[in-house]
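First the structure, in the form of C-alpha cells, and then the observations on it.
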Amino acid sequence: MTYLPCVEIEPNLSANASVIWLHGLGANGHDFAPVVPMIALPVEHQVRYVFPHAPDIKVTINNGYKMPAWYDILEMTLERKIDMSGLMISVEQVQHLIQREIDRGIDSARIIVAGFSQGGAVAYQSALTFPQPLAGLMVMSSYFATYKTIEVHKNNLTLPIHVYHGSADPVVAESLGLDAVKYLEALGYEPRYSRYPAEHTVTPQQINDISQHITQFLSIN
C-alpha cells in the first residue's frame with residue numbers, strides 16, 4: 001500500500017488515539033502542525049497527529065497552476081463547481097490513512113478526522129462513509145460538497161461532529177458552514193456549531209475549543 005506522505009507528531013507515550021487533519025488548498029501537512037503544542041489534552045489521551053500532504057495538481061480557478069490540492073475547483077461560485085472524481089480519490093487515500101492507524105493498533109473509535117477548508121470537504125465524505133465507527137469529526141471553514149450524493153455508513157450514523165466557521169470568512173462564506181449543519185441534521189446528525197469573529201483562519205480561541213472537543217470525543221470512547 002502506498003500512502004499519502006504525512007507529517008506525524010507522536011505523543012510522549014505510546015499512542016492510544018489519532019487525529020488525521022487535512023489542510024486547505026495550496027497549503028500542506030506542515031500548516032497545522034504548529035498548533036499541536038497548544039492542544040492540551042488529559043494525560044490519558046496519548047494522541048498521534050497525522051497531517052497528510054495533498055498532491056500537487058492543476059487547479060482551474062488558479063489559471064491551471066499546480067499546487068497542493070485535494071481536488072480541482074472548476075468555478076469559484078458560492079457553492080463551487082468541483083471535480084467530484086478527484087475528491088473521491090482523495091477520500092480513498094484518507095480512508096487508507098484511517099485504516100493504517102487501525103493497523104497500527106489504534107481503535108477506530110479513538111480516531112478523529114479533521115479538515116480545514118478544502119480539506120474539510122474531504123473530511124466529511126471520508127469520516128461519514130468509513131465502515132468502522134470513528135471518534136469524531138471536526139470541520140473548519142468549509143462546506144459539505146457531497147451532501148447530495150453521500151451514502152453514510154451505518155457504523156457512523158451517530159458520529160459526533162463539530163463545525164467551526166469565521167463570521168467574516170471571505171473565502172468560504174459562513175452560510176456554507178451553516179448549510180453544512182442543516183444538511184447534517186437532515187441526515188440525522190446532531191452537529192455542534194461554533195462561530196468566531198474571524199476570517200478564513202483558525203484562531204487561538206478555536207484551538208482552545210478544539211482541544212476541549214478532542215477531549216470530549218475521546219472521553220466518549
Side-chain angles (χ1 to χ4, degrees), residues 4 6-11 17-42 45 47-54 59 62 67-71 73 76 78 80 87 90 94 97-98 111-128 134-145 159-181 184 191-218:
L4 289 169
C6 302
V7 176
E8 297 188 31
I9 300 178
E10 296 284 347
S18 300
V19 173
I20 299 173
W21 195 324
L22 311 181
H23 61 75
L25 176 67
N28 59 40
H30 295 284
D31 198 30
F32 287 104
V35 309
V36 170
M38 297 179 249
I39 299 176
L41 300 177
H45 301 316
V47 174
R48 173 188 295 124
Y49 293 89
V50 179
F51 300 98
H53 301 295
V59 177
N62 287 329
M67 62 180 59
W70 297 109
Y71 50 86
I73 299 177
M76 198 63 172
L78 180 62
R80 286 164 174 71
L87 184 149
S90 287
V94 170
L97 291 177
I98 299 172
I111 298 174
I112 296 168
V113 178
F116 177 82
S117 195
Q118 195 189 49
V122 176
Y124 275 126
Q125 183 73 19
S126 300
L128 299 182
L134 300 174
L137 171 62
M138 303 185 297
V139 178
M140 298 150 264
S141 306
S142 190
Y143 51 97
F144 195 167
L159 181 69
I161 304 170
H162 210 116
V163 179
Y164 313 79
H165 220 106
S167 59
D169 192 330
V171 179
V172 180
E174 187 188 8
S175 62
L176 295 178
L178 292 169
D179 283 346
V181 170
L184 289 165
R192 296 181 62 187
Y193 185 81
S194 294
R195 183 174 188 256
Y196 304 89
E199 297 189 355
H200 196 62
T201 188
V202 174
T203 68
Q205 179 58 55
Q206 186 174 341
I207 293 170
N208 182 64
D209 292 345
I210 286 170
S211 176
Q212 294 182 35
H213 301 149
I214 291 174
T215 300
Q216 290 168 5
F217 289 159
L218 296 180

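- Taking CE of Met138 as the reference point, atom CD1 of Ile20 lies at 11.5 Å (rounded to 0.5 Å).
- Looking at every heavy atom in both residues, Pro52 comes nearest to Cys6 through CA-SG, 3.7 Å.
- Going from atom CG of Leu184 over to atom CG of Asp179 covers 11.0 Å, rounded to the nearest 0.5 Å.
- His165 is linked by a ring pair (Phe, Tyr, Trp, His ring centres under 6.0 Å) to nothing, counting only residues two or more places apart in sequence or in another chain.
- Closest approach of Ala40 to Ser211, counting heavy atoms only: O-OG, 2.7 Å.
- When the side-chain hydrogen bond (donor to acceptor under 3.5 Å, both in side chains) test is applied to Ser167, no partner is found at least two apart in sequence or on another chain.
- Thr215 has its side chain within reach of Pro42: a pair of non-hydrogen atoms, C-beta onward, lies under 4.5 Å apart.
- One N or O on the side chain of Ser142 and one on the backbone of Ala121 form a donor-acceptor pair closer than 3.5 Å.
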Might you work through the side-chain contact (heavy atoms from CB on, under 4.5 Å) test for Asn208 and Gln205, ending with a clear yes or no? CA-CA 5 Å; Asn208 182 64; Gln205 179 58 55; 3.7 Å; yes
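- Closest approach of Ser117 to Val172, counting heavy atoms only: OG-CG2, 3.9 Å.
- Listed by chain and residue number, nothing satisfies the side-chain hydrogen bond (donor to acceptor under 3.5 Å, both in side chains) test with His53 (two or more places apart in sequence, or in another chain).
- Residues Trp21 and Met140 have side chains in contact (heavy-atom distance under 4.5 Å, counting atoms from C-beta outward).
- Annotation: side-chain contact (heavy atoms from CB on, under 4.5 Å) contacts of Ser90 (sequence neighbours excluded): Trp70, Gln93, Val122.
- Taking CD1 from Ile214 and CG from Leu41, the interatomic distance works out to 5.5 Å, rounded to the nearest 0.5 Å.
- Across all non-hydrogen atoms, the minimal contact from Phe217 to Pro160 is CE2-CB, 3.5 Å.
- By the 30° and 60° cut-offs, the orientation of the rings of His213 relative to Tyr164 is tilted.
- Among residues two or more places apart in sequence or in another chain, the side-chain contact (heavy atoms from CB on, under 4.5 Å) test is passed with Pro11 by Ala15, Gln46, Arg48.
- Taking each heavy atom of His23 and Asn28 in turn, the nearest pair found is CD2-C, 3.2 Å.
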Where do Asn62 and Leu25 land on the side-chain contact (heavy atoms from CB on, under 4.5 Å) test, with the steps shown first? CA-CA 11 Å; Asn62 287 329; Leu25 176 67; 4.2 Å; yes
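- Proximity of Val35 to Ile210: side-chain heavy atoms (C-beta onward) are nowhere separated by under 4.5 Å.
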Evaluation steps, ring-ring contact (aromatic ring centres under 6.0 Å, His included), between Phe32 and Phe51: CA-CA 8 Å; Phe32 287 104; Phe51 300 98; 7.4 Å; no
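- Looking at residues two or more places apart in sequence or on another chain, you find no side-chain hydrogen bond (donor to acceptor under 3.5 Å, both in side chains) involving Glu199.
- The aromatic rings of His200 and Phe116 lie tilted to each other, with the angle between the two planes from 30° to 60°.
- Going from atom CD1 of Ile161 over to atom CZ of Phe144 covers 7.5 Å, rounded to the nearest 0.5 Å.
- The side-chain contact (heavy atoms from CB on, under 4.5 Å) with Val113 is formed by just one residue from the set Leu97, Leu134, Leu128; it is Leu134.
- At least one side-chain heavy atom of Val47 sits under 4.5 Å from a side-chain heavy atom of Leu218.
- The CD atom of Gln118 lies 8.0 Å from the CG atom of Leu87; values are rounded to the nearest 0.5 Å.
- Atom CD of Gln216 and atom CZ of Arg192 lie 5.5 Å apart (nearest 0.5 Å).
- The minimum heavy-atom distance linking Val7 with Ala33 is given by the pair CG1-CB, 4.3 Å.
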